[in-house]
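Report on the structure given below.
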Amino acid sequence: EAKFGHHGVRAFSPALDSILTERRDLEKAMIHALDHGGFALHYQPQYANDGRLSAFEALLRFPHPVMGMVSPARLIPIAEESQMIVALGTWVLREACNQSMRWQKAGLPEVLIAVNISAMQFARQDFAHHVAEILEETGLHPELLELELTESVMVKDFAESTRQLERLKRLGVSIAVDDFGTGYSSLNHLHRLPIDKLKIDRSFIQALSEPNGTLPIVESIIAMAHRMGMCVVAEGVETPRQMATLREKSCNILQGYLFSPPVEADRAALFLATGTNP
Ligand code: C2E
Ligand code: CA
Ligand code: CA
Ligand code: CA
């Protein structure tokens, strides 16, 4: 029996049907969670080359009663398609800023907090204004906030992105390029943007010590970034060997399971109190 969906697409198979149902259930659960405090942020430390704690990256977590911990890699696309991303992104930004203030109020040292920003959030005309409002509302010093954007988000509408990034820089927040090396943007474009940091994508770090691996690429990225006055973060550092190579090549900041997975705020506070790499 042929069924037609509302887009005129024919015959959902039972398997596809259940995927769509699960997706719709997840979307409903997300909408509910947004209003009822059902989301959480975890924090992953970034350590400077000398071992000192440099920043925390805030990462979205969604503990679902039935589906378990749902990955943000799954949540974000659903949020983007349903327009929920703007409200969810606002929640993430506000919660990260509030958490940083809670640490400060508990007498812990100040630390940079990095927040992931999705394409649709960044595309808002008033995004910089929105960030300014959250900073004002939470009281967080702009220099303690970093925004992580992917290359593709930055170069999509180059002229508009440039203006947007310049507005953000004027506020005093810093800008990091996430997943660097995986996009199609040319360096030609990136060097004209007000960028503070490049985060080398995990895939390059993983293949670092393989024969014919990514060492030459990673070395070039570091050298180029430094010549352009940018700082380099390696993400997904999992082995002591990767750490040693990256330090030797003067990569500024390291992040990955070798140091810590993303953890709850209370655990992150312990890293903050210690200050150095555990
Ligand atoms: P990302 O921004 O590239 O974040 C890094 C991801 O790698 C995180 O996954 C982190 O838990 C994981 N990771 C960190 N160290 C290691 C390591 O040593 N090995 C391995 N294998 N993985 C490591 P997570 O938390 O599942 O997030 C996945 C993606 O979802 C993020 O990738 C980011 O693109 C997106 N995301 C997460 N939170 C948010 C958010 O609040 N807003 C937006 N727009 N996107 C978010
Ligand atoms: Ca990120
Ligand atoms: Ca990344
Ligand atoms: Ca990545």
Side-chain angles (χ1 to χ4, degrees), residues 30 33-34 38-47 54-64 67-100 112-124 127 130-131 134 145-154 174-183 195-208 232-243 246 251 253-265 267-268 271 277:
M30 288 168 67
L34 203 50
F39 285 105
L41 290 183
H42 280 189
Y43 300 88
Q44 188 176 33
Q46 298 178 358
Y47 290 98
S54 157
F56 281 115
E57 178 177 1
L59 292 154
L60 185 65
R61 293 292 177 265
F62 184 43
H64 185 279
M67 298 179 207
M69 195 64 91
V70 187
S71 156
R74 242 189 112 202
L75 302 172
I76 300 298
I78 294 178
E80 291 210 308
E81 274 172 43
S82 64
Q83 317 288 309
M84 201 194 311
I85 192 68
V86 175
L88 182 57
T90 299
W91 180 82
V92 170
L93 199 52
R94 180 180 285 127
E95 176 58 20
C97 294
N98 276 328
Q99 183 56 61
S100 179
L112 188 70
I113 192 127
V115 176
N116 293 284
I117 302 298
S118 79
M120 278 175 83
Q121 278 178 285
F122 185 68
R124 278 176 60 171
F127 180 66
H130 170 71
V131 172
I134 291 181
L145 179 64
E146 181 159 271
L147 303 177
E148 294 194 0
L149 297 145
T150 61
E151 310 168 56
S152 52
V153 167
M154 287 191 186
S174 55
I175 307 293
V177 184
D178 208 352
D179 302 341
F180 184 74
T182 58
I195 292 164
D196 302 282
K197 277 182 192 164
L198 293 186
K199 292 191 79 175
I200 307 177
D201 189 67
R202 191 170 79 217
S203 55
F204 294 98
I205 308 305
Q206 259 156 358
L208 204 52
V232 185
V233 184
E235 59 173 31
V237 180
E238 293 181 351
T239 69
R241 183 152 172 214
Q242 289 164 350
M243 175 182 76
L246 289 161
C251 180
I253 296 164
L254 310 185
Q255 174 180 5
Y257 293 165
L258 178 64
F259 307 99
S260 170
V263 294
E264 285 176 24
R267 257 195 72 93
F271 295 139
N277 160 10

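Starting from 1, each residue takes its place in the sequence as its number. Basis for what follows: all heavy atoms, side chains included, without hydrogens, waters or symmetry-related copies. In listed order, ligands and their atoms are each counted from 1.
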Under a 4.0 angstrom heavy-atom cut-off, which atoms of ligand 1 come close to [X]?
X      : value
Gly236 : 16 (C), 17 (C), 18 (O)
Glu238 : 17 (C), 18 (O), 19 (N), 20 (C), 21 (N)
Val237 : 18 (O)
Gly256 : 15 (N), 18 (O)
Gln44  : 14 (C), 15 (N)
Pro262 : 11 (O)
Glu235 : 3 (O)

Checklist entry - Got a sec, which pairs hit salt bridge (charged side-chain N to carboxylate O under 4.0 Å, His left out) with one end in residues 69-78, sequence neighbours left out? => result Glu22-Arg74

Checklist entry - Quick one: does Asn116's side chain get under 4.5 Å of Pro72's, heavy atoms only? => result no

Checklist outcome for this item: In short, Ile134 meets Arg94 closest at the heavy-atom pair CG2-CA, 3.8 Å

Which part of [X] is near ligand 1, with near meaning a heavy atom under 4.0 Å away: side chain, backbone, both or neither?
X      : answer
Lys199 : neither
Ser118 : both
Val115 : neither

Option set [options], criterion heavy-atom distance to [atom], minimum:
atom                    : options               : result
atom 46 (C) of ligand 1 : Leu59, Val92, Asn116  : Asn116
atom 1 (P) of ligand 1  : Asp178, Val70, Leu41  : Asp178
atom 38 (N) of ligand 1 : Leu60, Thr150, Leu254 : Leu60
atom 12 (C) of ligand 1 : Gln242, Arg202, His42 : Arg202

Checklist entry - Judged by non-hydrogen atoms, does Glu57 sit under 4.0 Å from ligand 1? => result yes

Checklist entry - Quick one: CG on Leu112 to CG on Leu145, what's the gap to the nearest 0.5 Å? => result 7.5 Å

Next on the checklist: If I take atom CE from residue Met154 and atom CG from residue Leu149, how far apart are they, to the nearest 0.5 angstrom?
Outcome noted: 4.5 Å

Item to check | Candidate pair Leu93 and Leu147, rule side chain to side chain contact (heavy atoms under 4.5 Å, CB included), full reasoning | outcome: CA-CA 9 Å; Leu93 199 52; Leu147 303 177; 4.1 Å; yes

Checklist outcome for this item: Contacts of Phe39 meeting ring-ring contact (aromatic ring centres under 6.0 Å, His included) (sequence neighbours excluded), chain-then-number -> Phe62

Checklist entry - Between Phe180 and Val232, is a side chain to side chain contact (heavy atoms under 4.5 Å, CB included) present by the stated rule, with each step listed? => result CA-CA 10 Å; Phe180 184 74; Val232 185; over 6 Å; no

Item to check | Glu57: its N/O/S atom lying closest to the Ca ion (ligand 2) (atom name) | outcome: OE2

Checklist entry - What's the verdict on side chain to side chain contact (heavy atoms under 4.5 Å, CB included) for Met120 and Gln83, showing C-alpha distance, side-chain angles and the deciding distance? => result CA-CA 8 Å; Met120 278 175 83; Gln83 317 288 309; 3.7 Å; yes

Checklist entry - To the nearest 10°, how many degrees is the angle Glu148 OE1 to the Ca ion (ligand 2) to Asn116 OD1? => result 90°

Item to check | Qualifying residue, where the test is side chain to side chain donor-acceptor pair (under 3.5 Å) with Gln46 and the options are Glu235, Gln255, Glu146 | outcome: Gln255

Next on the checklist: Parallel, tilted or perpendicular: which one describes the rings of Tyr47 and Phe259, with boundaries at 30° and 60°?
Outcome noted: tilted

Checklist entry - Is there a nitrogen or oxygen of Asp179 sitting under 3.5 Å from a nitrogen or oxygen of ligand 1? => result yes

Checklist entry - Do side-chain atoms of Glu95 reach the backbone of Trp91 as a donor and acceptor pair under 3.5 angstrom? => result no

Checklist entry - Hey, is there an N, O or S on Asp178 sitting under 3.0 Å from the Ca ion (ligand 2)? => result yes

